[in-house]
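These notes concern the structure reproduced below.
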Amino acid sequence: MAEKPSAARAIADTIVKQYQKLEGFYQNDDKYAVTWAVGHLIGLANPEEYAPKYTKWDLNSLPIVPNPIKLSTNPKTKKQPNVIRKLASYCVGIVNATDCARESELIFGYIMEYLGTTSQLNDYGRALSLRTRTSNQEYRKKKPMLGSFS
């Protein structure tokens, strides 16, 4: 899973080679798929999603300390969580190919938590730069760890 569509395309060009673009992901004949998060696809729920009393801010209701913390989907990207959920449902594992930054890790972590899974087989984004010549060779060494469809 990449962080954005352009990164997913770069991964597909580098690793998958022959692929077709489908609704929200790229897939090749070997049944490997590359999808993306479209930025902040999943985030913290708004206060009113915890209780109606939080719809209108009131100083007396602060601080709001939710337990458990809820996640919600971004209405601007409502299709992509369903694409990722569907792919994850019959995939052996999910490869983290987001940028090497705290915000990217947070985005990926929220998605994994939203899906209710911790099945992450590889952290490709942290290990290698997709822009380098060696990325394809190094990735091919790790390919058996990539999630595939059954």
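Quick note: numbers below take in every heavy atom, side chains included, and nothing from hydrogens, waters or symmetry partners. On a predicted model such as this, the values are computed, not experimentally measured, just so you know.
Considering CD of Glu49 and OG of Ser72, their distance stands at 4.0 Å, rounded to 0.5 Å. Taking CZ of Phe108 as the reference point, atom CD of Glu3 lies at 11.5 Å (rounded to 0.5 Å).
In this structure, the side chains of Asp13 and Arg9 come closer than 4.5 Å at one or more pairs of heavy atoms. For the pair Gln80/Leu41, a side-chain contact is recorded, criterion being any heavy-atom separation below 4.5 Å from C-beta on. Side chains of Ile111 and Met1 form a contact here, defined as non-hydrogen atoms less than 4.5 Å apart. Residues Tyr19 and Ile11 fail the side-chain proximity criterion, which asks for heavy atoms closer than 4.5 Å. Phe25 has its side chain within reach of Leu22: a pair of non-hydrogen atoms, C-beta onward, lies under 4.5 Å apart. Ile42 is not listed as a side-chain neighbour of Ile107, based on a closest heavy-atom distance of 4.5 Å or more. Residues Glu23 and Lys79 form a side-chain contact, since some pair of their non-hydrogen atoms from C-beta on lies under 4.5 Å apart.
For the pair Asp99 and Lys4, the salt-bridge criterion is met [side-chain N within less than 4.0 Å of a carboxylate O].
Across Arg85 and Leu115, no two heavy atoms sit closer than the pair CA-CD2, 3.6 Å. In terms of heavy atoms, Tyr50 sits closest to Pro66 at CE2-CB, 3.3 Å. In this structure, Ala2 and Thr98 approach most closely via the heavy-atom pair C-CG2, 4.2 Å.
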Apply side-chain contact (heavy atoms from CB on, under 4.5 Å) to Ile84 and Tyr114, showing your working. CA-CA 10 Å; Ile84 295 171; Tyr114 180 78; over 6 Å; no

Would Glu105 and Asn96 count as a side-chain contact (heavy atoms from CB on, under 4.5 Å) here? Give the steps. CA-CA 9 Å; Glu105 288 295 315; Asn96 180 1; 3.3 Å; yes

Stepwise, does the side-chain contact (heavy atoms from CB on, under 4.5 Å) test hold for Leu62 with Tyr54? CA-CA 10 Å; Leu62 297 176; Tyr54 297 132; over 6 Å; no

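Not a single donor-acceptor pair under 3.5 Å links the side chain of Asn46 to the backbone N or O of Glu48. Side-chain atoms of Thr35 come within 3.5 Å of backbone N or O of Gly24 as a donor-acceptor pair. Lys70 places no side-chain N or O within 3.5 Å of a backbone atom of Leu44 that could act as its donor or acceptor partner.
For Lys21, the NZ atom is densely surrounded, since the number of other residues' heavy atoms within 6.0 Å is greater than 12.
Aromatic ring orientation, Tyr26 versus Trp36: tilted (interplanar angle from 30° to 60°).
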